[in-house]
Amino acid sequence: MGRDSLGEFEQLVLLACLQLGDDAYTVSIVDEIARRTGREASHSAVYVALRRLEDKGMVTSALGDSTPERGGRPKRFFHAEPQALPALQEARDTLLSMWEGLEGAGG
Amino acid sequence: MSRIRPPRLPRWARPRFPDDLLGDLEEGFVRRRTSGSGRISASIWYWTEIVRFLVRIPRLPSGDRGSSPGGLDMLRQDLKLAVRSLVRRPALSFVIVATLALAIGANTTIFSLVNSLFFGSVQVTEPDRVVEIYSSSERDANIGGFNGFLPFSYPNYEDLRDRTTTLDGVYAYTMWPVSIELGDTPERSQVMYVTGEYFDLLGVQAHRGRTFGPTDDDVEGGSPIAMVSHALWEERLGADPAAVGRTFRLNARSYTIVGVAPPGFRGTSTTIGTDIWVPISMVVDVPVWGPLWQNRSGRFFFLGARMAEGRGLDEVRADLESAWATLAEEFPRINGAAGVRLLPLLEARVSPNVREVLAGASGVLAAVVVALLMIACMNVANLLLARALGRGREMAIRTSVGAGRGRLVTQLLTESVVLFGVGGLSGLALALWGQNALTGLQPPSLFGATLHVETDMRVVAFTATITIGCGILFGLVPALRASGTDVSRQLREGDRNASGGRGHVLRNGLVAGQVCLSLVALVGAGLFLRALGEAGDLPLGFEPERLTLLSVDLGAQGYSEEEGRVFYRDAVERVSALPGVESVAVGSLRPLSFGPLRGVIGEDEDPEDPEAGHMVRRTLVTPGYLETLGTPLLRGRALEQGDDADTEPVAVVNERMADMFWPGQNPIGQRFRLRLPATDISVVGVMETTKQVSIGEDPAPEYVMAAEQVYSPTATFFVRAGPGVAGVSEQVRTELQTLDPSLPVFDVMPATALVRQATWNTRAITFLLGAFGLVGLALAAIGIYGVVSTSIRERTREIGLRMALGAEASKLVAVTVRGSLVVAGVGVLAGLVLAALLTRPLAPQLFGVAPTDALTYGSTAAILVAVAALSAYLPARRAARVDPTEALRAE
């Protein structure tokens, strides 16, 4: 898999980021994934995935405000870049092309 | 309300975590706490996240991996350095690792043994609610090998069950040997007779088929069904699902297998196990006592119970005691002198009758292996110290280029933990091998059970803990010493004075400690060795040489009493006609083996008085029994051909019984009464007291009666071969099976093997203590050798100077050896004191050898001093041979 292709978990995180818009940070992304898929993602795993996506240029980040329940520590908000959507679509198409002819098999 | 805070991170980890992530984790933690999670579960979540992040750090883009080389990077660097420096000195590292592997392996082996015995799983649902109930009796507490935890009679069981209110139910069980036929040949096996509630109360469900139900034991002799263990099903029945429903012969009856027990379940004890369970009502088939199973005087059954939900041990005990009080009142003659006692199953899983012996032996072994570990650790600490001091210059250089003392200590500690880690892993491997060896030993005190020594998580955790703990503890001192050196002095003077005065004191102290602990282990081994010698000299009451034993169970074969008598007569006749056979006799019990005891009272005692009389062992024999066993007849006559069913019952009593019943009188012509079945018996002779169950036991009462007067369906043939005749056992077996080809002949062994079995514990402990003591001695010798040669190497210049000034080589050697002897002497003295304190509790296992036996102490001390002298002499002599000019130039 090339450096810019997206892993399954990265796709989940990136999609959650897109869904959340301006309110995307680790905790809200974990919640969003749980709400939509029922899957309990690890905060650390989501954080690491976000930093990798940032490295790949899929998202940008900026430090935001802090709340008391965070012990006075800032939130890092992530924002999906324009190339995120085509990359996600490409990943989906790749998968779908592999699925062709298998629909209904093993039902 | 104060703010909810997550757990604090250790300082080394903090630089690894970005602030924003810590914020995310704290937010997650706080949300868990406020939504009702407990502190512990929220903390577990938090730490899991921390670890997950640490593991994922390498997957972060390189710019995001934190600023300082903290945490894992530092550790990795230290590990790399540690491995490199250990590989650089392979011989030293090998010695250290081998030493540790031996010591840690020994500890792990013994720990896994203790773990399997005392903490082995019991495969019972909610085992903490299950208790075992025993009958107790002030008198006769220690007879019969029950150690004061006695069985109950069946009617007493039923009444206890019905009169208690704090229990879900009470079950009863007993074990008895039977003949079974699963294949073509009949074989001997222990069967457990259990009440219908047994499996339900224990919460044990059938792996196949069904377990017993409450109605399965309703009709006496009416339910020939059996459950088999998973192991038997797999090994003997080929794990065949159709085995349920199959029939097999058990004694003279055909039984149907109704179920297979779950894997691992062989009863509730780690020391008593079975492969076959049958309903308790079938116990009526057991020869001799079976028909009496419903008699209130017959104590044949052990009890267990499940405490009702929410009931505590004290409540249950009070309930049982009050129920028993009513039984003692109603049946004063039978129950008056007895009480009840209960043990939680988790304590009773090591049967109380062998618990003390096993606990004692385990305690000794544990003490020895811990001592061995200490010796090994001291040795390693010493070697590390010597090396660390030798590296003073390296440390000084590293300090001067900016490494803090903390860094140096951490790095040296890492080295020692790596050494211990490799030693620990090798030790674990050794232990796995040792466990197989232990499993192969199978102590004879395990009644029907197989000892499975296994490595579980507890064992691995134990090994990891001692390994890392000792690595840090014993690595810390050398690390602190080495890192605390004066930089400028070290760089200026090189290694010459690296080991200052304090270093010597420390190292000498470690050597003295080693000597001390090896002495303790060797004294222990010496004492047991002497005890073995004593055991060989103890009078057994019979002559084991040239005596062979073979057992049969005619009752199990369905012989009637008349057929049985005929068989014994014919068999004795045929066997005594064999060439090489000097004499032969039949006896119902084997010496040095468990056997039932019978209530016996004196002629003038009141049978209604429960306090009257004693529990006595009875052996039924054919004429010539005493002569064949070599048991001396002290007074009167032996049993003869004429003592049969038509004449008055007579007995030969042993000396102990004569002393108990007729102290100071002539026992010949006296009478005593067997309580059950009530029989008056006259004494015609007195024989020497034989050892009944163990070699170390106090003399116990016994009488022998003619088997023609009281029939015994189980019997052992005692065959004494003539001098120089080898191996009559096969001929005897052939003769017996000529009479009945389907008869299983079992437990065929020379009487000497019986005696060896009886000293198994002592021999095993002697062997282990001896082995550990010798390893300890070797380690101490290495320690002394190492210390002396290091200190000589450091003093090469001084020695050279002295020699140049005319000192004699021999004097130099003498001075060095004397110095080491002082150190060893301190260790020996401390060891003697420690040994005297530690061996005192062993007295009961030493067959009369005093725990402070001067010979053992003296000779062990002498050996240690000699080894110390030799270990110092060798390097000293080498040093004295050096050329003075050579030594001076070396600097």
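Below, chains carry the letters A, B, ... as their sequence lines are ordered, and counting in each starts from 1.
By number of non-hydrogen pairs under 4.5 angstrom with chain A, the leading residue of D19(B), L22(B), D24(B), V30(B) is D24(B). Per-residue heavy-atom pair counts under 4.5 Å with chain B were compared for G64(A), A49(A), G72(A), A45(A), and the maximum is reached by A45(A).
Within residues 24-33 of chain A, the residues that have a heavy atom under 4.5 Å from a heavy atom of chain B are Y25(A), T26(A), V27(A), D31(A), listed by number.
Contact check on E10(A) versus K56(A) returns a salt bridge, with a Lys/Arg side-chain nitrogen under 4.0 Å from an Asp/Glu carboxylate oxygen. Using a 4.0 Å cut-off between charged nitrogen and carboxylate oxygen, R39(A) and E8(A) count as a salt-bridge pair.
Proximity to chain A (any heavy atom under 4.5 Å) is restricted, for R31(B), to the side chain, taken from C-beta onward.
Of all non-hydrogen atoms in G57(A) and Q83(A), the two that sit nearest each other are O-NE2, 3.0 Å.
For the residue pair T60(A) and E54(A), no side-chain donor N or O sits within less than 3.5 Å of a side-chain acceptor on the partner.
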Q: Report the C-alpha distance between R73(A) and E27(B) in whole Å, list the side-chain angles of each, state the deciding distance to 0.1 Å, and finish with yes or no for salt bridge (Lys or Arg N to Asp or Glu O under 4.0 Å).
A: CA-CA 10 Å; R73(A) 295 193 169 89; E27(B) 191 178 333; over 6 Å; no

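Cation-pi geometry between R208(B) and W233(B) is not met: the NZ or CZ atom fails to fall both under 6.0 Å from the ring centre and inside 45° of the normal.
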Under 3.5 Å, which donor-acceptor pairs do the side chains of residues 87-97 of chain A form with other protein atoms, sequence neighbours left out?
{"unit_1": "T94(A)", "atom_1": "OG1", "unit_2": "E90(A)", "atom_2": "O", "d": "2.7"}
{"unit_1": "S97(A)", "atom_1": "OG", "unit_2": "D93(A)", "atom_2": "O", "d": "3.4"}
{"unit_1": "S97(A)", "atom_1": "OG", "unit_2": "T94(A)", "atom_2": "O", "d": "2.7"}

